[in-house]
There are 2 protein chains.
Amino acid sequence: MHKSVPNNSLKTACSTCNLRKLCLPVNLSNIEMARLDDLITRKGVYRHGSILYRSGDKFQALYAIRTGFFKTQILNEDGREQVTGFQMAGEIIGMDGISSDTHTCDAVALEDCEICEIPFNRLEDLGRELPPLQRHLHRILSREIVRDQNIMLLLGSMRAEERLAAFLLNLSQRFAVRGYSPTSFQLRMTRQEIGSYLGLKLETVSRALSHLQENKLINVRNRSLEILCLPGLQACIGKRAR
Amino acid sequence: MHKSVPNNSLKTACSTCNLRKLCLPVNLSNIEMARLDDLITRKGVYRHGSILYRSGDKFQALYAIRTGFFKTQILNEDGREQVTGFQMAGEIIGMDGISSDTHTCDAVALEDCEICEIPFNRLEDLGRELPPLQRHLHRILSREIVRDQNIMLLLGSMRAEERLAAFLLNLSQRFAVRGYSPTSFQLRMTRQEIGSYLGLKLETVSRALSHLQENKLINVRNRSLEILCLPGLQACIGKRAR
DNA sequence: CGAGGCCTTGAGTGTCCTCAAGTCGCGTGG
DNA sequence: CCACGCGACTTGAGGACACTCAAGGCCTCG
């Protein structure tokens, strides 16, 4: 069975946060770790639907998600909206704000969430003292760039069903990394939100899900999703380039 | 008239590079500037079609484009290809490589280009000594994230003609910043490459260009493009959400 | 002057969107 | 406890937009 909590027993603020993940590939001594912990403050619980930051807000901190699920979205002048990502426990959000000291997207809780705040100025300061931390920050920023470019590939070149398969496989993998089942999980977002993320309409998402189910690749009922055949889903991608 | 070279007379390696742009918002003393210059080495000329780095190459440096035009593209397992960006003089490329010490896309010269190389380890080292430089690097990384997310919005929610209008306006603005004409310029890329970037087929790009021309918003003949009505192009975007 | 790449344009098709109707599930209040 | 209402979801029918395939013209460069 999969355990419901990935880490066994870590005590500091940073560690009990999934922030240990943030720090994991970094070789920091306990003392250095403590200094990092020192930066980080736990903000309270964000209830389902509440907003961590909005486009236009002054940028001051990165946020590490301890528990729960977020979405980030951009809003156009003309009211168009695009979900740019779904973030889960152990991931960092807010990096869009660094470039102009102003957030450029909204971050909305998709369920009740616990959040850690990392003041960015102080993180930069500490980064200057701890090169591995500095390097790690750069990696995180770069990883976000690579992630976004892969979504561009998805949006630019895949058909509806491929996009959905890629999306489900991505979720599956991220759950697996966290010690949850990679084949059975709850979708935290609406069809509409999935559609916005994948550049599709909600009806198309619904139809594609139904179609994958007809093909016995998944079972889906409301928000609960079961992947019946991971290789089959992978094979969906690239069946026929667009 | 617009001058053909934006900067008037700056002497150091870094400054003659459009790297002054990299450093512009940073308050660095001359001595500090010189240290930054010291990092940077001019690599020779990259001829049209030559490759600066490939997906899979070891990441060692960022590159500043002194002159010329690049494209970056990802290639899927199944041979699918997506142009992720067009970069012009004064812009920095290679940031995709930081996250895994390996480049994740190809960078290809679209015309003869001059390049400056900035070894990343040394840039990080210097960043620890010069906080404004560190901050600037973070801004550049974040700006790339914001840029990518705006392309996601484009790919996810705009129709063909809107995408093309947005693309042309983006080019226009970047030329303007560099002191070139915002309304009359050469396209350095093929219709196929524009299409890949915008998630369209080359025929669709061609048709959309023709249509914008019919509407007297642009003049296009081969690679030379003239924008007849900037506000008109802007109005194209958001006419009708998808 | 010829070859080849790039581009344009047309005709037909397919995928996804739009609009619409109806079901399901959940929370609220009677 | 059940009725109600609302939002989320599914499914169908029809249409629009972008894709595919194809033919032909233009420009560049050898």
For Gln87(A) and Thr72(A): C-alpha separation, side-chain torsions, deciding distance, then whether side chain to side chain donor-acceptor pair (under 3.5 Å) applies. CA-CA 8 Å; Gln87(A) 295 82 17; Thr72(A) 48; 3.1 Å; yes
Could you state the CD-C1' distance from Glu111(A) to dC26(C), rounded to the nearest angstrom? 18 Å
Protein-nucleotide distance (Arg163(A), atom CZ; dC17(C), atom C1'), rounded to Å: 13 Å
Roughly how many Å is it from CD1 in Ile194(A) to C1' in dA8(D), rounded to a whole number? 12 Å
Relative to the ring of Phe59(B), is the ring of His103(B) parallel (under 30°), tilted (30 to 60°) or perpendicular (over 60°)? perpendicular
Whole-Å distance between dC16(C) C1' and Met158(A) CE? 17 Å
Nearest-Å distance, CG (Leu187(A)) to C1' (dA8(D))? 13 Å
Any ring pair (Phe, Tyr, Trp, His ring centres under 6.0 Å) pairs touching residues 190-210 of chain A, not counting sequence neighbours? Phe86(A)-Tyr197(A), Phe167(A)-Tyr197(A)
For every nucleotide of nucleotides 9-15 of chain D, 5' to 3': is a protein heavy atom under 4.0 Å from its base (B), only from its sugar-phosphate (S), or from neither (-)? SBBBB--
Find the distance Lys201(A):NZ to dA8(D):P and express it as a whole number of Å. 15 Å
Between OG on residue Ser99(B) and CD on residue Glu144(A), distance to nearest 0.5 Å: 11.0 Å
Can you tell me how far P of dC17(D) sits from CG of Leu198(B), to the nearest Å? 18 Å
Side chains of Arg163(B) and Leu155(B) in contact at under 4.5 Å (non-hydrogen atoms): yes
Decide, yes or no, whether a salt bridge links Glu91(A) with Arg143(A) under the criterion of side-chain N to carboxylate O below 4.0 Å. no
Measure CD/Gln186(B) against P/dC27(D) and give the value in whole Å, please. 14 Å
